[in-house]
Undergrad: 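Here's a structure for you.
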Number of protein chains: 2
Amino acid sequence: MNRLCVHTITTKPWSLERALQEYKERGISGVSVWQNAVQELGLKKASTLLAGSGLDVVSYVRGGFFPAAESAERQKAIEHNKQMLDEAAAIGAPLLVLVCGADPVSGLSKSRDQIRAGLEAILPHAEDLGVGLAIEPLHPMYADTRSAINTLAQANDMAEYFDHEKIGVAVDVYHLWWDDQLQDQIVRCSQGGNLLAFHICDWKYPTEDMLNDRGLMGEGCIPIKEISDWVDAAGFEGYREVEIFSNKYWSMDQGEFLDLIVDAYNKIYK
Amino acid sequence: MNRLCVHTITTKPWSLERALQEYKERGISGVSVWQNAVQELGLKKASTLLAGSGLDVVSYVRGGFFPAAESAERQKAIEHNKQMLDEAAAIGAPLLVLVCGADPVSGLSKSRDQIRAGLEAILPHAEDLGVGLAIEPLHPMYADTRSAINTLAQANDMAEYFDHEKIGVAVDVYHLWWDDQLQDQIVRCSQGGNLLAFHICDWKYPTEDMLNDRGLMGEGCIPIKEISDWVDAAGFEGYREVEIFSNKYWSMDQGEFLDLIVDAYNKIYK
């Protein structure tokens with residue numbers, strides 16, 4: 001349980017205050033905070049609340065979305081990411097998770113160039129604040145508009161291009177489980193000092209919604225324990241972050257849902 | 001237009017007879033036949049109709065689905081594929097397209113072993129009949145139950161394992177457009193003599209249904225012309241097969257839809 005972290009989006013219907021209280025009661029050790037949870041409360045109150053919660057703030061979610069057809073839009077994205085970094089620093093999050101973005105008009109290769117340029121532009125600010133940037137490769141089904149970085153190999157390429165202690169990678173089993181290079185790329189990621197975060201949930205079959213039908217660990221086909229073992233063997237000692245977007249689970253009692261999460265977690269990591 | 005082929009599933013509401021007539025009227029040269037179109041009519045009548053249609057029968061769709069947790073199920077799949085090969089031969093199709101399958105319980109690696117075993121079991125029958133087997137890698141979003149072969153690299157691995165003139169690969173832009181190794185793998189596929197078929201459609205953004213929301217060429221973000229150029233440069237001279245599953249298009253007048261297909265095709269390949 002000392003490595004269990006939950007993303008506030010997982011229990012979206014709850015306020016930040018309620019979420020922190022419920023997580024703490026169940027012995028959950030870490031929380032990753034989504035911007036919407038902070039905005040509802042205001043940055044100051046949210047920071048105070050988090051500081052007194054007894055939970056580790058694991059990451060702030062999410063920056064990125066760098067590519068755009070127009071350069072003015074790209075500049076706006078850069079400013080937005082700098083603000084996200086400020087907010088991350090304010091709430092004491094050591095890491096900003098990046099959904100890097102993709103522009104379907106520019107195409108994937110140009111989108112990756114724009115991601116690189118965006119990272120270059122915000123890195124000095126991240127450095128000043130001491131906040132890390134975690135590139136999260138997204139499943140290829142999100143390659144149209146959400147991310148032009150769709151494999152761990154591509155995320156490693158990007159992180160290694162910068163070779164900077166404040167840029168690394170977030171590994172999410174939902175996005176990467178299908179990739180037969182995953183184990184090798186986890187090793188590579190770790191050897192480069194780039195393995196910054198590890199997210200878990202499951203892939204339901206059938207999946208009924210491309211965004212909001214993620215499964216509870218154990219109800220799908222992702223070999224979560226196997227991938228976790230690769231991550232551990234690579235020397236990662238950080239949190240296992242539960243990040244579930246699910247219309248189904250959001251519509252049920254969130255306390256019962258959180259109990260299911262804790263049970264599922266303990267079943268895998270017994 | 002002499003390289004334009006349409007899959008019968010693309011105009012699903014039409015009978016085989018109507019489809020062939022409408023395709024022919026518009027100067028379409030080839031047809032790939034789905035099993036449902038044959039079953040509605042019976043194999044004999046369908047064969048006669050196709051023989052007199054003036055259209056090339058490009059492929060029969062679709063065999064595969066080899067993996068299963070139970071060996072009895074796997075044996076059933078093998079028998080089913082042999083029957084599909086018989087039907088392909090009966091309608092004069094030189095190729096059976098394979099959606100290889102995946103068993104979420106066995107996992108991806110074991111599923112690939114089961115695919116290999118399935119191919120081994122049906123290859124002698126394919127050889128006897130002179131019908132080729134085209135392994136179609138499917139998008140990673142179908143890795144749960146539809147295919148454990150999700151990249152062209154994996155399909156090439158499988159084809160090269162057999163190194164047999166009756167086993168090759170079908171390249172579908174919908175499944176593979178996101179992959180930054182695609183161009184290299186098309187070259188590899190062709191050099192191995194394994195590039196047997198080329199399917200086109202588009203990826204709409206947003207995609208509203210994981211199965212049946214494919215786009216008409218030009219309305220999405222797939223660089224169809226660029227990928228086509230790679231395929232042509234690799235020496236492929238076969239058909240460009242339009243395979244669109246779409247609740248939206250199936251609900252419109254199919255004659256108008258087919259006009260849109262011909263226009264979109266001519267716009268790309270002018």
Side-chain angles (χ1 to χ4, degrees), chain A residues 67 69 101-113 137-158 173-183 202-211 213 215 218-227, chain B residues 67 69 101-113 137-158 173-183 202-211 213 215 218-227:
Chain A
D103 175 43
V105 177
S106 307
L108 290 170
S109 176
K110 273 191 192 155
S111 289
R112 283 190 285 271
D113 292 343
L138 254 55
H139 194 285
M141 73 181 170
Y142 303 124
D144 50 359
T145 58
R146 286 172 185 271
S147 183
I149 295 180
N150 305 104
T151 62
L152 186 49
Q154 289 175 328
N156 280 334
D157 287 346
M158 190 64 82
V173 299
Y174 190 78
H175 297 300
L176 303 175
W177 71 278
W178 58 271
D179 186 356
D180 61 7
Q181 296 177 46
L182 183 56
Q183 185 176 11
D202 215 335
W203 181 283
K204 287 170 63 185
Y205 51 98
T207 290
E208 277 159 16
D209 185 285
M210 289 173 80
L211 275 179
D213 193 27
E219 70 169 323
C221 56
I222 301 179
I224 301 172
K225 185 56 166 59
E226 187 178 21
I227 299 173
Chain B
D103 175 44
V105 176
S106 307
L108 289 169
S109 176
K110 273 191 192 155
S111 289
R112 284 189 284 272
D113 292 343
L138 254 55
H139 195 284
M141 74 181 170
Y142 303 124
D144 51 359
T145 59
R146 286 171 186 271
S147 183
I149 295 180
N150 305 105
T151 61
L152 186 49
Q154 289 176 327
N156 279 334
D157 287 346
M158 191 64 81
V173 298
Y174 189 78
H175 297 299
L176 304 175
W177 71 278
W178 57 271
D179 185 355
D180 61 7
Q181 297 177 45
L182 183 54
Q183 185 176 11
D202 215 334
W203 181 283
K204 287 170 62 185
Y205 51 97
T207 290
E208 278 160 16
D209 185 286
M210 289 174 80
L211 274 179
D213 192 27
E219 71 168 322
C221 56
I222 301 179
I224 301 171
K225 184 57 165 60
E226 186 178 21
I227 299 173

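Proteins come first, then strands; the chains are lettered A, B, ... in the order of their sequence lines, and each starts at number 1.
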Undergrad: To the nearest 0.5 angstrom, please state how far the CG atom of B/D103 sits from the SG atom of A/C221.
TA: 10.0 Å
Undergrad: State the CE-NE2 distance between B/M141 and A/H139, to the nearest 0.5 angstrom.
TA: 8.5 Å
Undergrad: Please classify the contact of A/P140 with chain B as side chain, backbone, both or neither, using a heavy-atom distance under 4.5 Å.
TA: both
Undergrad: Go through the steps for A/D180 and B/R112 under the test side-chain contact (heavy atoms from CB on, under 4.5 Å), then give the verdict.
TA: CA-CA 11 Å; A/D180 61 7; B/R112 284 189 284 272; 3.8 Å; yes
Undergrad: Before giving the answer on side-chain contact (heavy atoms from CB on, under 4.5 Å), spell out for B/R146 and A/Y205 the whole-Å C-alpha distance, their side-chain angles and the decisive distance to 0.1 Å.
TA: CA-CA 10 Å; B/R146 286 171 186 271; A/Y205 51 98; over 6 Å; no
Undergrad: Just how far is it from atom CG of B/D179 to atom OG1 of A/T151, taken to the nearest 0.5 Å?
TA: 8.0 Å
Undergrad: Using non-hydrogen atoms only, which part of B/T207 is less than 4.5 Å away from chain A: side chain, backbone, both, or neither?
TA: both
Undergrad: Please state whether the rings of B/W178 and A/W178 are parallel, tilted or perpendicular, taking 30° and 60° as the class boundaries.
TA: perpendicular
Undergrad: Can you tell me how far CD of A/Q181 sits from CD of B/Q154, rounded to the nearest 0.5 angstrom?
TA: 8.5 Å
